[in-house]
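Structure first, then comments.
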Amino acid sequence: MKVHKVSSRSQHEQRNATKHHSKNKWHKKIRSLDSTLLNTSSGTAKLEQRIAKREKHTVKRLKKLNAKPVTIFPENSCAKEGKVEATSVTFPHVHTNGGTELDDSSASVDSQEWSEYANSVLQNGMESSTLPDTDQQKEDELQFHAHLDHTNNRAVLVMKQDQVLCFRGKCLLTCLYGHVEVLGFTIEEGQQPYPLFSPPSHCPLTIKAFGNNFGGSSKNKKEGLLEAKAIIRKYFSSEPSKKLMSEVDSDSCVVLLEPLDTPLTRFLSSFSELAEIFGLNSKEIKSQAAIYNPVLSAVGVTALRGPCAQGLVMSPSYREAISSLLSAWAGEFDRCPVILVCGGKSVGKSTFNRHLLNSLLNHTVSVEFLECDLGQTEFTPPGCLSLCTVTEPLLGPPFTHMRDPKHMVYYGQAECHADIDRYLESLKSLWRHVSGESPVIINTMGWIRGHGFQILVDLIRLLSVTHVVQLSYGNAPQCHLLTPEFLRTAHGWQTHPPTTSTLTEEPASHLTIRSHIFLSVQSEFEGAGTSGEMQHQRSNELRDLALLSYFSKLQSSEPGPIRPLHCFIPYQVPHSSVAIGVTHCEVAPNNILYAANASIVGLCCLSEKVVGRGGPVVLSQTPICQCVGLGVLRGVDMARGLYFLVTPVSPSVLRHVNCLLLGEISLPKVLLTKQLGVDGDLPYVTTDYSFEVKGAGKLHIYKGLTRPGFIKSNN
Ligand SMILES: Nc1ncnc2c1ncn2[C@@H]1O[C@H](COP(=O)(O)OP(=O)(O)OP(=O)(O)O)[C@@H](O)[C@H]1O
């Protein structure tokens with residue numbers, strides 16, 4: 001690796017700085033913290049601990065037969081009986097769509113608000129008696145029988161077999177009886193609680209009830225019914241409503257829904273722009289898709305109805321693909337399935353991946369996920385290529401499940417046009433860490449024309465792909481089908497037919513080309529292939545959400561006030577102990593620190609030791625090396641030769657970081673424009689700026705205006 005010496009700061013100064021930090025170059029100067037920021041309330045802490053526990057590796061597969069009885073929380077038994085009325089009354093069905101039962105206590109707290117809302121909804125809707133039979137039936141299906149345990153602020157929901165709850169919002173779901181399915185993942189009684197996130201940026205989640213399977217059990221239906229009722233009773237300190245109990249039968253599912261409050265949700269909702277990030281989208285509001293149900297609302301869930309309540313749309317080819325991929329894993333094979341999912345932009349690749357991954361997790365402990373999409377990443381911030389081992393289901397969009405990858409390379413841009421070779425070499429370096437013991441899902445970019453298509457051809461060959469899932473929409477094909485026959489003659493960017501080797505085990509002289517199984521999937525959901533235009537659906541917004549989610553890891557896991565990014569004490573790192581480089585363009589070495597200030601940098605680990613001789617150490621080429629996370633370079637002290645960095649990466653990992661890579665991935669604007677608690681001018685933001693300066697550019701504020709090319713004709 002070539003390195004440039006930039007400025008000649010006195011060696012004496014440099015030695016001092018290095019000596020000072022000789023034990024660990026990542027050093028924090030601790031100031032006393034504002035005690036108000038550390039205040040916590042214990043209520044939601046419990047919830048978070050449970051979510052934290054969830055992140056430990058656990059084998060989910062509890063087969064019904066072996067399922068342990070549900071652990072009933074001890075706090076129920078000691079719930080303050082005096083606080084809850086001994087008899088619960090059935091709250092009248094305030095709206096034809098919302099079967100709601102509230103106990104007395106909840107009614108006393110919220111009833112006025114709820115009934116006001118109910119009346120307003122009723123005025124717009126039809127009374128149940130006026131509905132024709134078929135509509136009545138449909139409305140019945142939309143009745144959600146839930147009861148609120150007001151003391152613990154949690155809801156028990158009884159669902160009939162095959163009933164579906166399509167919803168917006170977020171909650172923690174525990175299955176108490178029977179089993180339910182969410183985005184391909186089966187949740188049974190006896191399993192841990194799972195967090196569900198259904199924001200308006202993506203199609204809504206659905207909870208589908210599958211009831212109880214008595215197949216292999218010695219229990220009969222009557223015993224099942226008694227067991228279900230006993231479980232429900234244990235979740236309430238007083239007798240649950242008769243209405244709720246009358247809804248239970250042996251085939252019902254009983255789930256517990258609790259409010260979900262995490263550092264991520266608190267951090268996001270601290271920005272006014274994101275206040276409704278778990279609310280309804282404009283289309284759902286316009287079509288009055290929300291079902292009024294105060295019990296579900298109390299735990300953060302809004303049930304949907306009508307055309308907006310379709311959830312995931314699975315075409316026959318979609319179902320077939322999922323089922324043959326599951327069979328591929330279940331059946332005999334000489335190597336683990338390596339599944340590459342591709343297709344044009346917004347055709348449903350990521351959603352298919354999540355569904356597939358969840359379905360696989362019903363049968364295996366882990367799935368490996370190779371991220372090849374730089375823009376719409378699943379687990380890591382944008383601009384990163386990564387390999388993750390996934391052991392927990394994905395029950396929300398990417399920004400709700402940022403995770404630490406097994407290996408990661410910082411590419412530094414949301415697209416790879418500028419340096420396709422570095423992109424492919426980075427992926428090859430990640431591929432070497434695939435274990436070969438779990439199925440692998442490869443997420444690809446929506447760039448399927450020209451060089452983008454050649455990259456797909458390369459990936460299929462280089463990564464020994466066993467299954468290609470190609471998604472398309474409409475009648476006109478978006479690109480050539482990547483069938484085995486086509487691959488025999490196709491040219492990639494790096495590979496050409498006949499290919500002589502794969503990265504795995506084939507000797508270079510071996511000329512056999514491994515064939516793959518090709519699965520074509522037709523996406524039939526509304527808007528397939530069209531970028532989302534509603535709030536929070538645009539790709540730049542989703543990237544910002546992923547970055548905000550990443551930096552929300554800085555927040556305390558304990559409930560309490562949100563701390564803006566500029567409140568965190570930065571690490572001080574000597575210029576001489578970390579090299580700095582720019583991934584995506586030429587910057588004169590003397591200007592690099594200006595460019596890097598107030599920017600996101602990849603925290604990387606070069607295999608060579610970095611030893612500066614005064615002044616910053618500047619890389620002349622972009623290395624392909626392990627990246628352990630991102631940081632914000634929030635200041636540079638030239639006099640003392642220090643970088644100031646804020647990052648959620650743990651100090652033990654930071655010890656290995658000796659390289660900062662500056663890319664094109666920029667801080668979400670909201671982090672710069674909303675710096676709470678700052679008097680006067682906002683740091684890093686100015687309106688008094690000369691655009692004559694080379695490289696200057698103003699902050700582009702997106703006003704939600706549709707570009708002329710995107711305006712659709714209504715004719
Ligand atoms: N099967 C489906 N049914 C209903 N909605 C879907 C389905 N698949 C995807 N969507 C919705 O379409 C939008 C785009 O989906 P997704 O992000 O999965 O596409 P993508 O091909 O990965 O996009 P990109 O090219 O930006 O990576 C999302 O709002 C998603 O919720």
Side-chain angles (χ1 to χ4, degrees), residues 59-66 162 179-188 191 206 208 210 213 215-216 311-343 347-370 378 388-395 434-444 456 459-461 463-472 481-487 502 504-505 513-525:
V59 181
K60 174 236 170 180
R61 304 301 72 219
L62 274 178
K63 284 287 158 229
K64 184 76 186 74
L65 269 178
N66 309 324
D162 295 329
H179 68 283
V180 293
E181 194 190 273
V182 185
L183 197 54
F185 187 71
T186 312
I187 308 175
E188 317 182 325
Q191 284 175 0
T206 50
K208 179 157 189 200
F210 279 102
N213 171 15
L312 188 80
V313 176
M314 288 188 276
S315 62
S317 54
Y318 183 112
R319 285 176 195 277
E320 275 161 32
I322 294 274
S323 128
S324 56
L325 292 167
L326 290 179
S327 313
W329 171 246
E332 293 285 308
F333 51 83
D334 55 0
R335 63 200 168 115
C336 278
V338 176
I339 305 156
L340 179 135
V341 179
C342 63
V347 74
K349 301 180 292 297
S350 310
T351 309
F352 182 89
N353 286 338
R354 287 193 281 280
H355 189 192
L356 172 64
L357 192 147
N358 291 342
S359 309
L360 283 166
L361 283 180
N362 290 327
H363 306 279
T364 177
V365 180
S366 68
V367 175
E368 290 189 278
F369 191 94
L370 182 71
E378 190 68 43
C388 285
T389 303
V390 191
T391 55
E392 295 294 336
L394 308 176
L395 307 175
V434 167
S435 72
E437 284 161 16
S438 313
V440 185
I441 297 178
I442 302 173
N443 184 33
T444 61
L456 287 175
L459 292 179
I460 295 171
R461 289 198 181 119
L463 310 181
S464 299
V465 167
T466 60
H467 296 77
V468 172
V469 181
Q470 189 164 352
L471 287 98
S472 52
L481 297 183
L482 287 157
T483 58
E485 296 70 41
F486 177 73
L487 258 283
T502 65
T504 45
E505 65 272 75
I513 304 165
R514 284 191 160 172
S515 192
H516 61 265
I517 293 167
F518 178 76
L519 300 163
S520 172
V521 170
Q522 185 72 8
S523 288
E524 289 177 2
F525 62 92

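As a basis for the values below, the full set of heavy atoms in this structure was taken, side chains included, without hydrogen atoms, waters or symmetry mates.
Taking the side chain as every heavy atom from C-beta outward, Lys208 and Val180 never approach each other to under 4.5 Å. Taking 4.5 Å as the limit, some side-chain heavy atom of Val182 sits within range of a side-chain heavy atom of Ile187. Taking 4.5 Å as the limit, some side-chain heavy atom of Glu524 sits within range of a side-chain heavy atom of Pro316. Residues Val338 and Ser464 form no side-chain contact, since every pair of their non-hydrogen atoms from C-beta on lies 4.5 Å or further apart.
A donor-acceptor contact closer than 3.5 angstrom links the side chains of Ser366 and Ser438.
Nearest heavy atom pair, residue His516 against residue Leu487, reads CE1-CG, 3.9 Å. Nearest approach of Phe185 to Asn358, heavy atoms of both residues: CD1-O, 3.6 Å. Across His355 and Leu312, no two heavy atoms sit closer than the pair ND1-CD2, 3.5 Å. For the pair Arg335 and Phe333, the tightest heavy-atom approach, listed with the atom from each and the gap, is O-CD1, 2.8 Å. Looking at every heavy atom in both residues, Phe518 comes nearest to Ser520 through CE2-CB, 3.7 Å.
Residue pairs meeting the salt bridge (charged side-chain N to carboxylate O under 4.0 Å, His left out) criterion with at least one partner in residues 353-362, sequence neighbours excluded, are Arg354-Glu378.
In this structure, the side chain of Thr444 engages the main chain of Val341 through a donor-acceptor pair within 3.5 Å. Here the side chain of Asn443 pairs no donor or acceptor atom with the backbone of Lys349 at under 3.5 angstrom.
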Decide yes or no on side chain to side chain contact (heavy atoms under 4.5 Å, CB included) for Cys336 and Trp329, but give the supporting numbers first. CA-CA 7 Å; Cys336 278; Trp329 171 246; 3.8 Å; yes

Going through the distances and angles, do Glu320 and Leu519 end up as a side chain to side chain contact (heavy atoms under 4.5 Å, CB included)? CA-CA 9 Å; Glu320 275 161 32; Leu519 300 163; over 6 Å; no

Does the side chain to side chain contact (heavy atoms under 4.5 Å, CB included) test come out yes or no for Leu463 and Ile442, once each step is laid out? CA-CA 9 Å; Leu463 310 181; Ile442 302 173; 3.7 Å; yes

Could you walk me through whether Val440 and Ile339 satisfy the side chain to side chain contact (heavy atoms under 4.5 Å, CB included) test, starting with their C-alpha distance in whole Å, then the side-chain angles of each, then the deciding distance to 0.1 Å, before giving a yes or no? CA-CA 6 Å; Val440 185; Ile339 305 156; over 6 Å; no

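Rounded to the nearest 0.5 Å, atoms CG (Leu459) and SG (Cys342) are 9.5 Å apart. Atoms CG and OG, from Leu183 and Ser359 in turn, are 7.5 Å apart once rounded to the nearest 0.5 Å.
Only one option out of Ile322, Leu361, Val367 pairs with Leu356 in a side-chain contact (heavy atoms from CB on, under 4.5 Å); it is Ile322. The side-chain contact (heavy atoms from CB on, under 4.5 Å) with Leu340 is formed by just one residue from the set Val469, Val465, Thr466; it is Val465. Tested against Glu368, the residues Val390, Thr389, Ile441 include a single side-chain contact (heavy atoms from CB on, under 4.5 Å) partner, Thr389.
Ring planes of His179 and Phe210: parallel class, angle under 30° (limits at 30 and 60°).
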